[in-house]
Amino acid sequence: MKYKTIFEPFKIKSVEPIRLTSQRQREHHLHRAHFNPFLLHSSDVMIDFLTDSGTSAMSAAQWSAIMSGDESYAGARSWQRLEAEIHDLTGYPHILPTHQGRAAERILYGYLGGKGKIFISNTHFDTTRANIEFTGATAIDIPMPESAMIAFDHPFKGNMDTEKLESLIQTYGAQNISAVILTVTNNSGGGQPVSMHNAKEVASICKKHKLLFILDCCRIAENSYFIRHREVGFRNKSYRSIAQQMFALADGCIMSAKKDAFANIGGFLALKNKALAEACTNLLIITEGFATYGGLAGRDMDAIAVGLREIFDPDYLHYRITSTTYLGEHLHKKGIPLIMPVGGHAVYIDAQKLYPQIPVNEYPGQALVCELYLRGGIRSVEIGSVMFGKYDKRGKLIPAPKELVRLAIPRRVYTQSHIDYVVEVFDEIIRTKENARGLRITYESELLRHFTAHFEQL
Ligand code: F0G
């Protein structure tokens with residue numbers, strides 16, 4: 001389009017009111033939530049950027065598909081529609097439905113894992129890592145070295161370091177490596193895309209050493225958008241065919257349908273290998289449900305089947321990526337330090353750089369998360385030492401490598417005016433940044449403390 005305004009390629013048929021709150025009210029809510037936005041009531045939030053997972057607005061076509069959901073225990077028509085859709089997209093013959101992405105992870109990595117086993121990824125998402133480590137296996141991240149440089153501009157900063165992959169295979173021996181996992185886009189690395197060239201290199205190394213190559217593909221449509229616009233040779237390819245080409249390189253995939261399938265719940269595991277699929281199906285039946293529903297209602301499977309097709313709509317993908325980039329670039333122009341270039345589903349802010357006066361053990365990321373809520377009613381998430389910090393033997397904090405805050409944007413939910421509002425709130429964040437204060441943890445759980453921790457302002 002030749003116009004500057006970002007045009008949302010949809011009309012709004014059904015609305016959910018947002019309750020506007022004053023800063024005084026939000027102060028009260030934040031105190032009640034112990035300065036942890038995970039503990040806020042969603043009705044007290046004005047713009048919810050906690051996650052893009054399961055928060056999409058479904059289309060009229062998805063809602064009408066829901067009405068034709070077949071709730072039969074076995075062999076439901078809804079399953080047949082979903083299976084056909086996933087098969088057509090991925091080309092994989094064996095498909096196992098699950099209630100969300102991590103259930104597929106638990107099944108596949110639970111089967112392949114165990115003490116002494118190694119998994120290698122560009123970056124394991126937290127649930128992926130947790131499911132691998134839970135079996136006693138080791139998860140090793142090898143993103144390309146440039147990904148550590150927050151402001152460094154590179155078109156495919158989500159790529160895997162393939163030289164390191166070769167050297168890890170030499171170190172550990174191919175027989176001890178259970179799988180190589182390419183996460184597209186690389187969520188924990190900033191929502192950065194992976195190039196087709198990199199996926200081909202990973203595939204050929206895996207083939208040479210007979211290693212299983214799995215795609216964590218929950219944002220593959222967004223990744224395809226970047227390939228088409230940034231990688232030579234894809235300009236005339238459709239987004240769907242680019243995704244299909246990437247699926248063809250791997251031996252299987254795990255998908256959380258809560259992202260690039262516009263569904264509020266769901267996921268799947270799809271595999272080329274029959275024996276592996278049979279072993280996983282046994283685990284699926286024990287914990288998720290029968291092989292033709294895997295923890296999902298028939299209507300959910302129908303919503304996913306329709307969503308998987310809609311997500312590749314060129315007008316949608318253009319709007320989606322342009323809108324995320326718009327937010328990121330406007331914040332960047334104001335001097336907010338960000339992971340650059342801006343990724344597909346979220347903007348990642350470097351809170352340590354924004355608040356140099358707050359030391360890591362006073363959690364600068366959590367301070368920004370609280371400021372964003374207090375000043376604008378915006379809910380975001382800390383991805384730093386609250387989430388990944390550990391303690392040494394003397395109880396001293398071992399900080400995370402970066403102190404980031406993620407603004408993850410739900411799909412088709414907020415309009416351009418909402419995004420402009422968020423940009424304006426950052427003017428106040430900048431104006432008041434010297435006053436931002438760190439926090440002290442007053443309560444924490446042993447595992448995944450960020451969900452439930454209580455804080456006190458210093
Ligand atoms: N893989 C990636 C790359 C993810 O981003 C997620 C979830 C999962 C796997 C697990 O899927 O939630 O359906 O079990 N990411 C969400 C987020 C939670 O906020 O980024 P799930």
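What you see below is based on every heavy atom in this structure, not just the backbone, and it leaves out hydrogens, waters and symmetry mates. Both ligands and their constituent atoms are indexed starting at 1 by order of listing.
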Please state which protein non-hydrogen atom is closest to [atom] and give its distance, to 0.1 Å?
{"atom": "atom 9 (C) of ligand 1", "value": "Glu105 OE2, 3.3 Å"}
{"atom": "atom 21 (P) of ligand 1", "value": "Gln100 NE2, 3.4 Å"}
{"atom": "atom 15 (N) of ligand 1", "value": "Lys259 NZ, 3.0 Å"}
{"atom": "atom 13 (O) of ligand 1", "value": "Ser256 OG, 2.7 Å"}

Between [Y] and [X], is the closest basic N to carboxylate O distance under 4.0 Å?
{"X": "Arg299", "Y": "Glu71", "result": "yes"}
{"X": "Arg19", "Y": "Asp44", "result": "yes"}
{"X": "Arg412", "Y": "Glu310", "result": "yes"}
{"X": "Arg240", "Y": "Asp88", "result": "yes"}
{"X": "Arg81", "Y": "Asp302", "result": "yes"}

What part of [X], side chain from CB on, backbone N/CA/C/O, both or neither, has a heavy atom under 4.0 Å from ligand 1?
{"X": "Ala408", "value": "neither"}
{"X": "Met255", "value": "neither"}
{"X": "Arg102", "value": "both"}

What do you reckon, does [X] have a nitrogen or oxygen under 3.5 Å from a nitrogen or oxygen of ligand 1?
{"X": "Asn187", "answer": "yes"}
{"X": "Thr127", "answer": "no"}
{"X": "Asp52", "answer": "no"}
{"X": "Thr128", "answer": "no"}

Suppose we screen for side-chain hydrogen bond (donor to acceptor under 3.5 Å, both in side chains). Which residues come up paired with Tyr316, at least two apart in sequence or across chains?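 Listed in chain order: nothing, the list is empty.
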Suppose we call two aromatic rings close when their centres sit under 6.0 Å apart. Are Phe226 and Phe156 close by that rule?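 That pair fails the under 6.0 Å test.
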Test item: Phe247 and Leu89 side chains (from C-beta on) under 4.5 Å apart, heavy atoms: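 In short, these two side chains touch, coming nearer than 4.5 Å.
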For the residue pair Phe38 and Phe451, does the interplanar ring angle fall in the parallel (under 30°), tilted (30 to 60°) or perpendicular (over 60°) class?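 Geometry flag for Phe451 against Phe38: perpendicular rings.
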Going by the angle between their ring planes, with limits at 30° and 60°, are His454 and Tyr443 parallel, tilted or perpendicular?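 Ring orientation of His454 relative to Tyr443: tilted.
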Taking ring pair (Phe, Tyr, Trp, His ring centres under 6.0 Å) as the test, write out the residues that go with Phe234, two or more places apart.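 If we apply the ring pair (Phe, Tyr, Trp, His ring centres under 6.0 Å) test to Phe234, skipping adjacent residues, there are no hits.
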Can you list the ligand 1 atoms lying under 4.0 Å from a non-hydrogen atom of [X]?
{"X": "Arg406", "result": "17 (C), 19 (O), 20 (O)"}
{"X": "Thr51", "result": "17 (C), 19 (O)"}
{"X": "Thr183", "result": "3 (C)"}
{"X": "Lys258", "result": "13 (O)"}
{"X": "Asp216", "result": "1 (N), 2 (C), 3 (C), 9 (C)"}
{"X": "Gly101", "result": "11 (O), 13 (O), 14 (O), 21 (P)"}

